[in-house]
Peer 1: 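Got a structure here, written out as structure tokens. Questions coming.
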Amino acid sequence: MCMAARLSRHELSDLCLGKPPLRSLSVDDTVADALAALKKIDDNYVSVWNCHHSFMRKPQPKHQTTISKCTTCTCIGKVCMVDIICFLSKPQNLSSPSAALHSPISALLHQSSSLLVRHLPPTASLAEAIDVMHEGVHNLVIPIQNQFEGFDSNTLQHDDKTIYCWLTQEDIFRYLLNSIGLFSPTAASPINTLGVIDTQNLFAVCYDDPASSVLDLLSLSLIYQSSVAIVDPNGKFVGEISPSVLNSCDEAVVPAMATLSAGDFTSYIDCGGPPEDLVQLVKERVEDKNLSELLPDETGLCSWSSFSSSCSSDEDSCSGKNWKLGGYSGRVGRRSEAMVCYRWSSLVAVMIQALAHRVSYVWVVEEDGTLTGIVTFQAMLKVFREHLKSMC
């Protein structure tokens with residue numbers, strides 16, 4: 001049996017070693033529950049299930065929930081801070097943020113959310129995982145048998161007493177990188193010869209466009225696992241509004257999203273913190289638009305911050321930097337410097353560049369800085385899949 005065949009037959013249980021148990025929210029939970037949950041965990045995403053299990057609250061008897069009879073606990077989607085920021089930034093929610101936080105968590109799920117997650121057994125092969133992800137799946141939900149010390153199993157287990165983890169496309173690529181020699185010479189080929197540069201699903205706005213104009217594009221970028229580029233009038237790439245950076249913020253950036261230009265917003269969410277002149281500008285514009293509920297009071301809390309913090313059982317997780325106008329959570333922020341490559345860059349170079357910066361895409365530019373496309377994990381996965389199949 002060739003090395004490629006052996007690699008493709010590796011079981012997913014090998015990739016799950018050391019993966020943390022998956023925290024779950026119930027479809028019964030609210031937007032505020034999701035917000036509090038994301039501030040308590042290290043992951044950028046939290047899973048949503050069709051059952052009554054939620055680590056944000058004590059287990060309840062099934063008859064006390066609004067969920068209909070459910071024979072199997074199933075993950076139906078995932079949400080992140082970008083979902084919440086985009087939801088709270090909608091015009092109808094800006095005037096009543098507290099009411100928006102009372103909304104069911106289903107308001108954060110996309111129509112295709114259930115297609116982005118898939119359950120697979122731990123005995124499934126790497127080839128099966130790649131095939132499933134080739135269909136557009138982002139996360140594979142895998143049951144694990146490991147016992148984790150320091151975790152309350154009652155908040156992690158489902159009805160079948162099973163604890164789950166999930167695997168991402170990034171996990172698959174990190175695993176493939178260990179055997180990158182098997183993919184020669186494809187891995188060393190320029191990306192413009194492999195058909196991986198996407199010029200159709202290229203989300204971009206101009207520097208002076210309102211930041212609020214990117215809301216729909218941000219939601220789409222989550223589905224395509226990409227980002228929103230910012231270009232100048234000549235089409236040259238000058239920056240991005242990146243979901244990976246925005247996931248390190250919290251709901252306190254909503255006022256900036258509602259009042260700043262796209263270019264200024266990138267400066268506002270930079271990991272160094274927003275410039276004082278932009279902070280003052282946001283305050284003035286929020287007051288001009290009669291959106292005072294979005295501004296923090298003298299204690300540093302705005303109306304929805306106070307509400308969402310009351311939904312968390314861990315008061316410490318709702319303090320400190322989480323509630324400042326800058327909008328930065330206690331998690332480690334990402335640098336807002338965008339990753340770019342050229343059409344003659346090799347596939348493995350682009351792959352390593354994305355993995356090194358924990359993003360699922362790299363922008364493609366010309367030598368003069370003109371934006372021409374984007375390369376995503378999804379496109380790269382197709383190449384590796386075809387190479388594996390041709391060798392086995």
Peer 1: Using a 4.5 Å cut-off on heavy atoms from C-beta on, say whether the side chain of L215 contacts that of L217.
Peer 2: no

Peer 1: Any sub-3.5 Å donor-acceptor pair from D29's side-chain atoms to D33's backbone N or O?
Peer 2: no

Peer 1: Is the shortest side-chain heavy-atom distance between V282 and Y268 below 4.5 Å?
Peer 2: yes

Peer 1: By side-chain hydrogen bond (donor to acceptor under 3.5 Å, both in side chains), which residues pair with T370, not counting sequence neighbours?
Peer 2: D368

Peer 1: When the ring planes of W363 and F237 are compared, do they come out parallel, tilted or perpendicular, using 30° and 60° as the limits?
Peer 2: tilted

Peer 1: Is there a salt bridge (Lys or Arg N to Asp or Glu O under 4.0 Å) between E170 and R174? Walk through the geometry before answering.
Peer 2: CA-CA 6 Å; E170 179 183 336; R174 290 190 182 280; 3.0 Å; yes

Peer 1: With no hydrogens and no angle check, do the side chains of W49 and D28 hold a donor and an acceptor under 3.5 Å apart?
Peer 2: no

Peer 1: How about L38 and I84: do any of their side-chain heavy atoms sit closer than 4.5 Å?
Peer 2: yes

Peer 1: Within a strict 4.5 Å, meaning less than it, do heavy atoms of the T372 and V365 side chains meet?
Peer 2: no

Peer 1: I'd like to know if the side chain of S360 reaches the main chain of Q225, judged simply by a donor and an acceptor atom lying under 3.5 Å from each other, with no hydrogens or angles considered.
Peer 2: yes

Peer 1: Whether the side chain of S47 engages the backbone of R23 through a donor-acceptor N/O pair (distance < 3.5 Å, no angle test) should be reported.
Peer 2: yes

Peer 1: Quick one: sort the Y175 and H10 rings into parallel, tilted or perpendicular, breaks at 30° and 60°.
Peer 2: perpendicular

Peer 1: Locate the shortest heavy-atom distance separating L177 from I352; write the atom from each residue and the value.
Peer 2: CD1-CG1, 4.0 Å

Peer 1: Evaluate the side-chain proximity of Y207 to D232: yes if any heavy-atom separation is below 4.5 Å, no if none is.
Peer 2: no

Peer 1: Should V132 and L7 be regarded as members of a common hydrophobic cluster, given that ILVMFWY residues are connected when their side-chain heavy atoms come within less than 4.5 Å of each other, either directly or indirectly?
Peer 2: yes

Peer 1: What pair of heavy atoms forms the shortest contact from I142 to P121, and how long is it?
Peer 2: CG2-C, 4.3 Å

Peer 1: For a 4.5 angstrom cut-off between non-hydrogen side-chain atoms, does L167 reach L12?
Peer 2: yes

Peer 1: What are the two closest heavy atoms between A211 and F265, and how far apart are they?
Peer 2: CB-CB, 3.8 Å

Peer 1: Y164 vs H119 aromatic rings, parallel, tilted or perpendicular, using cut-offs 30° and 60°?
Peer 2: perpendicular

Peer 1: Work out which heavy atom in A34 is nearest to a heavy atom in V79; give both atom names and the distance.
Peer 2: CB-CG2, 4.2 Å

Peer 1: Output yes when a side-chain donor or acceptor of N247 lies under 3.5 Å from a complementary backbone atom of M81, and no otherwise.
Peer 2: yes

Peer 1: Identify the two heavy atoms, one from I144 and one from P21, that lie closest to each other, and give their separation to 0.1 Å.
Peer 2: CD1-CA, 4.5 Å

Peer 1: Going by the side chain to side chain contact (heavy atoms under 4.5 Å, CB included) test, name the single residue among M351, R385, Q169 that passes it with M380.
Peer 2: M351

Peer 1: Specify the closest pair of heavy atoms between V253 and I269, including all atoms of both residues, with the distance to one decimal.
Peer 2: CG1-CG2, 4.4 Å

Peer 1: Is it true that K283 and D288 have a side-chain N and a carboxylate O under 4.0 angstrom from each other?
Peer 2: no

Peer 1: Please find out if less than 6.0 Å separates the ring center of Y45 from that of H138.
Peer 2: no

Peer 1: Aromatic rings Y342 and W344: how do their planes relate, parallel, tilted or perpendicular, breaks at 30° and 60°?
Peer 2: parallel

Peer 1: Is there a donor-acceptor pair closer than 3.5 Å between any side-chain N or O of S179 and the backbone N or O of L182?
Peer 2: no

Peer 1: Supply the atom-to-atom distance L126 CG to L176 CG, rounded to the nearest 0.5 angstrom.
Peer 2: 5.5 Å

Peer 1: Which pairs pass ring pair (Phe, Tyr, Trp, His ring centres under 6.0 Å) with one or both residues in residues 73-97, sequence neighbours excluded?
Peer 2: none

Peer 1: Are F377 and Y361 an aromatic pair, judged by ring center distance below 6.0 Å?
Peer 2: no

Peer 1: Got a second to check how far I172's CD1 is from L140's CG, nearest 0.5 Å?
Peer 2: 6.0 Å

Peer 1: May I have the step-by-step check of salt bridge (Lys or Arg N to Asp or Glu O under 4.0 Å) for K39 and E251, ending in yes or no?
Peer 2: CA-CA 11 Å; K39 291 181 177 181; E251 79 282 8; 3.1 Å; yes

Peer 1: First locate atom NZ of K78, then atom OG1 of T168, and finally report the distance between them rounded to the nearest 0.5 Å.
Peer 2: 8.0 Å

Peer 1: Is L116 close to N139 at the side-chain level, that is, under 4.5 Å between some pair of heavy atoms?
Peer 2: no

Peer 1: Taking S125's backbone N and O only, do any of them form a donor-acceptor pair with E128's side chain (distance below 3.5 Å, no angle check)?
Peer 2: yes

Peer 1: For residues H52 and S26, is any side-chain donor paired with an opposing acceptor at under 3.5 Å?
Peer 2: no

Peer 1: May I ask you to say whether D171 pairs ionically with K19, meaning some side-chain N is under 4.0 Å from a carboxylate O?
Peer 2: yes

Peer 1: Going from CG on L381 to CD on E135, what distance comes out if it is rounded to the nearest 0.5 angstrom?
Peer 2: 11.0 Å

Peer 1: Measure from the side-chain N and O atoms of S345 to the backbone N and O of C341, and report whether any donor-acceptor pair falls under 3.5 Å.
Peer 2: no

Peer 1: Distance-only, no hydrogens or angles: does the R343 side chain make a donor-acceptor pair with backbone N or O of V364 under 3.5 Å?
Peer 2: no

Peer 1: Would you check if the side chain of D209 reaches a backbone N or O of C206 as a donor-acceptor pair within less than 3.5 Å?
Peer 2: yes

Peer 1: Ignoring hydrogens and geometry, is there a side-chain-to-backbone donor-acceptor pair from T74 to N50 under 3.5 Å?
Peer 2: no

Peer 1: Go through the steps for T30 and H102 under the test side-chain hydrogen bond (donor to acceptor under 3.5 Å, both in side chains), then give the verdict.
Peer 2: CA-CA 6 Å; T30 66; H102 277 293; over 6 Å; no

Peer 1: Nearest 0.5 Å, please: how far is OH in Y224 from CD in Q200?
Peer 2: 10.0 Å

Peer 1: Nearest 0.5 Å, please: how far is CG in L218 from OG in S227?
Peer 2: 7.5 Å

